[in-house]
Amino acid sequence: MVYVILGTGFEEVEAIAPVDILRRCGVKVKTAGIGGLQITGSHNITVTADCTVEAMDLDAMDMIVLPGGLGGVASINGSETALAAVSKAWNDGKYVAAICAGPTVLARLGLTSGKTVTGYPGTEPQLGDCRYVPDAPVVVDGRLITSRGPGTAMLFGWKLAEILCGAEAAAQVAAGMLLTEAQS
């Protein structure tokens, strides 16, 4: 199970693109809302989450994904339940992924220390003791996956699919979506 955390003000494309790609690959994905099921993103698109963060089955979790959007990140940082879920995923050896400003949450939890990461330009001071890669669309360092922002959301989703489903299955989905950058 992959959980994508949605808080008010999340960056819509950074949440929906990975969910779509993972589901096309057959991965079980649930969006988990902070404060309810109706969550409005940073561009006033309201999404109905599959469950609340309180209803997540953390024992069934293989990966947790944090979209960016300053409001969404503030929502995550303000939710002890969401933060505990991220920590549990990491401590249980699961994958933890974040895009845009999302990696700042990981830094707050100490997960970026000593890791190679990327994120939205300007977030570097909030990323802790890490090796920041400014130009990579997606960076994988073990179980930690980070990405830059809205323009890299499709590649981020594809990389998550590749990690969970294998390169061949992810490449087939990417080809069907005409996501040719993922295949180079």
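Note that CD of Glu14 and SG of Cys100 are 4.0 Å apart. Values are rounded to the nearest 0.5 Å. The distance from the CZ atom of Phe10 to the CD1 atom of Ile16 is 5.5 Å, given to the nearest 0.5 Å. For the atom pair CD1 of Ile76 and CG of Leu66, the computed distance is 4.5 Å after rounding to the nearest 0.5 Å. The line from CG of Leu6 to OG of Ser75 is 10.0 Å long, rounded to the nearest 0.5 Å. Here CZ of Arg23 is found 10.5 Å from NZ of Lys28. Values are rounded to the nearest 0.5 Å. Rounding to the nearest 0.5 angstrom, the gap separating the CD atom in Glu124 from the OG1 atom in Thr104 is 11.5 Å.
Donor-acceptor pairing under 3.5 Å is recorded for the side chains of Thr152 and Ser147. If you check the side chains of Thr46 and Thr40, you find a donor sitting under 3.5 Å from an acceptor.
Paired with Tyr95 under the rule side-chain contact (heavy atoms from CB on, under 4.5 Å), one option of Leu160, Val140, Ile145 passes, and it is Ile145.
A donor-acceptor distance shorter than 3.5 angstrom exists from the side chain of Asn91 to the backbone of Ser87, with no hydrogens or angles considered. In this structure, Arg143 contributes its side chain and Trp90 its backbone to a donor-acceptor pair below 3.5 Å. In this structure, the side chain of Thr116 does not engage the main chain of Asp141 through any donor-acceptor pair within 3.5 Å. In this structure a side-chain-to-backbone donor-acceptor pair under 3.5 Å is missing from Thr146 to Val117. Looking at Tyr3, its side chain never comes within 3.5 Å of a backbone N or O of Val53 through a donor-acceptor pair. Side-chain N or O atoms of Glu162 include none that pairs as donor or acceptor with a backbone N or O of Ala170 at under 3.5 Å. The backbone N or O of Gly110 lies less than 3.5 Å from no partner atom in the side chain of Ser113, so there is not a single donor-acceptor pair. Using a distance-only test at 3.5 Å, with no hydrogens or angles considered, no donor-acceptor pair links the side chain of Trp158 to the main chain of Ile21. Panel note: side chain Gln126, backbone Ala107; no donor-acceptor pair is recorded below 3.5 Å. Between the side chain of Thr118 and the backbone N or O of Arg148 there is no donor-acceptor pair closer than 3.5 Å.
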Chi angles and distances behind the side-chain contact (heavy atoms from CB on, under 4.5 Å) call for Lys115, Leu106: CA-CA 11 Å; Lys115 297 289 186 180; Leu106 307 182; over 6 Å; no
What verdict does the side-chain contact (heavy atoms from CB on, under 4.5 Å) test give for Glu11 and Val13, after you've listed the backbone C-alpha separation in whole Å, the side-chain angles of each residue and the deciding distance to 0.1 Å? CA-CA 6 Å; Glu11 179 63 50; Val13 71; 4.0 Å; yes
Verdict with supporting geometry, Ile34 and Thr8, side-chain contact (heavy atoms from CB on, under 4.5 Å): CA-CA 8 Å; Ile34 297 171; Thr8 299; over 6 Å; no
So Met61 and Met56, side-chain contact (heavy atoms from CB on, under 4.5 Å) or not? Walk me through it. CA-CA 8 Å; Met61 177 172 47; Met56 292 188 297; 5.7 Å; no
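Here the closest non-hydrogen pair linking Ala82 and Ile5 is CB-CG2, 4.3 Å. Nearest heavy atoms, Ala97 versus Phe156: CB-CZ, 3.7 Å. Considering every non-hydrogen atom in both Asp92 and Lys88, the closest pair reads OD2-NZ, 2.7 Å. Scanning all heavy atoms of the two residues, the minimum distance from Thr112 to Pro103 falls at CG2-O, 4.0 Å. Taking all atoms of both residues into account, the shortest heavy-atom contact from Leu70 to Ala101 is CD2-CB, 4.2 Å. Between Ala32 and Ala49, the shortest heavy-atom contact is C-CB, 4.2 Å.
Linking ILVMFWY residues whenever their side-chain heavy atoms come closer than 4.5 Å, directly or via other members, places Met177 and Leu155 in the same cluster.
Using a 4.5 Å heavy-atom cutoff, the side chains of Arg108 and Leu83 are in contact.
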